[in-house]
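Below is one structure; the comments refer to it alone.
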Amino acid sequence: QVDKNAELMARWNYCALSQEKLCRPIVACELGRLYNKDAVIEFLLDKSPDKTPMEAASHIKSIKNVIELKLSDNPAWSGDKESIKGDKYDDIQSARFICPVVGLEMNGRHRFCFLRNCGCVFSERALKEIKSEVCHK
């Protein structure tokens, strides 16, 4: 049995293509999957016939199929900034990014949306409150 919280955290912390930690620039496809931009570029450039098809990115045919995201950093997240020692407790419940309007953490418990024209990321709750077709930034 797969832990649902662990699966949601993995979607928000790891690239769907390379399974590496997400690092900027981060892009998303129309299915809402998050990727490292360099992993998508490498996937598109590798045309070797022995390459196994990746179902996570089989729908991506060019770099135009993904949008670069503008994510807001979470001030409470200390993740990679601190040195990791054996005696330190890692709080994986603290999310790396937040919604800039409402302040909800992007940890998989809340729905998030991105605007295709600018790449800004907001929580679904914020978009319902704003009710605007224009990016607030």
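Both backbone and side-chain heavy atoms feed into the values below; hydrogens, waters and symmetry mates do not. When a residue number appears, it is its place in the shown sequence, counting from 1.
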Review point. Taking it one step at a time, do F114 and I67 satisfy side-chain contact (heavy atoms from CB on, under 4.5 Å)?
Key: CA-CA 9 Å; F114 66 91; I67 301 347; 3.7 Å; yes
Exercise for review: Could you walk me through whether L71 and M106 pass the side-chain contact (heavy atoms from CB on, under 4.5 Å) test, one step at a time?
Suggested key: CA-CA 10 Å; L71 297 160; M106 291 177 66; 3.8 Å; yes
Exercise for review: Show the numbers, then the answer: is there a side-chain contact (heavy atoms from CB on, under 4.5 Å) between R116 and E30?
Suggested key: CA-CA 9 Å; R116 292 187 67 87; E30 69 258 4; 3.9 Å; yes
**Study point:** Trace of the side-chain contact (heavy atoms from CB on, under 4.5 Å) decision for N65 with H59
**Key:** CA-CA 8 Å; N65 295 127; H59 60 286; over 6 Å; no
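Relative ring orientation between F112 and W12 is described as perpendicular, the plane-to-plane angle rising above 60° on a 0-90° scale split at 30° and 60°.
The two residues E129 and V102 make their nearest non-hydrogen contact at OE1-CG2, 4.4 Å. Among all heavy-atom pairs drawn from Y35 and C15, the shortest one is CA-SG, 3.7 Å. Across every non-hydrogen atom of V101 and A126, the tightest pair is CB-CB, 3.7 Å. Taking each heavy atom of C23 and N36 in turn, the nearest pair found is N-OD1, 2.8 Å. Counting all heavy atoms, side chain and backbone alike, I60 lies closest to C29 at CD1-CB, 4.4 Å.
Hydrophobic clustering (ILVMFWY, side-chain heavy atoms < 4.5 Å, transitive): L45 and V27 are in one cluster. There is a path of hydrophobic side-chain contacts, each under 4.5 Å, that joins L17 to V66.
Side-chain atoms of K37 never come within 3.5 Å of backbone atoms of E68 as a donor-acceptor pair (strictly under, hydrogens ignored). In this structure, the side chain of N13 does not engage the main chain of K21 through any donor-acceptor pair within 3.5 Å. Using modelled atom types, one side-chain atom of R96 and one backbone atom of L22 make a donor-acceptor pair closer than 3.5 Å. A donor-acceptor pair under 3.5 Å is formed between the side chain of N74 and the backbone N or O of A76.
Ionic pairing of E7 and R11 is present here: one or more N-O contacts between side-chain nitrogen and carboxylate oxygen are shorter than 4.0 angstrom.
A distance of 9.0 Å separates CG of L69 from CZ of F97, quoted to the nearest 0.5 Å. Here the CG-CD1 distance, from D46 to I41, works out to 13.5 Å after rounding to the nearest 0.5 Å. To the nearest 0.5 Å, atoms CG (L104) and CZ (R109) are separated by 11.5 Å. Atom CG of residue L127 and atom CZ of residue R111 lie 12.0 Å apart, to the nearest 0.5 angstrom.
Heavy atoms of other residues, nucleotides or ligands lying less than 6.0 angstrom from CZ of R33 number more than 12.
In this structure, P100 and F122 have side chains that are in contact, with non-hydrogen atoms separated by less than 4.5 Å.
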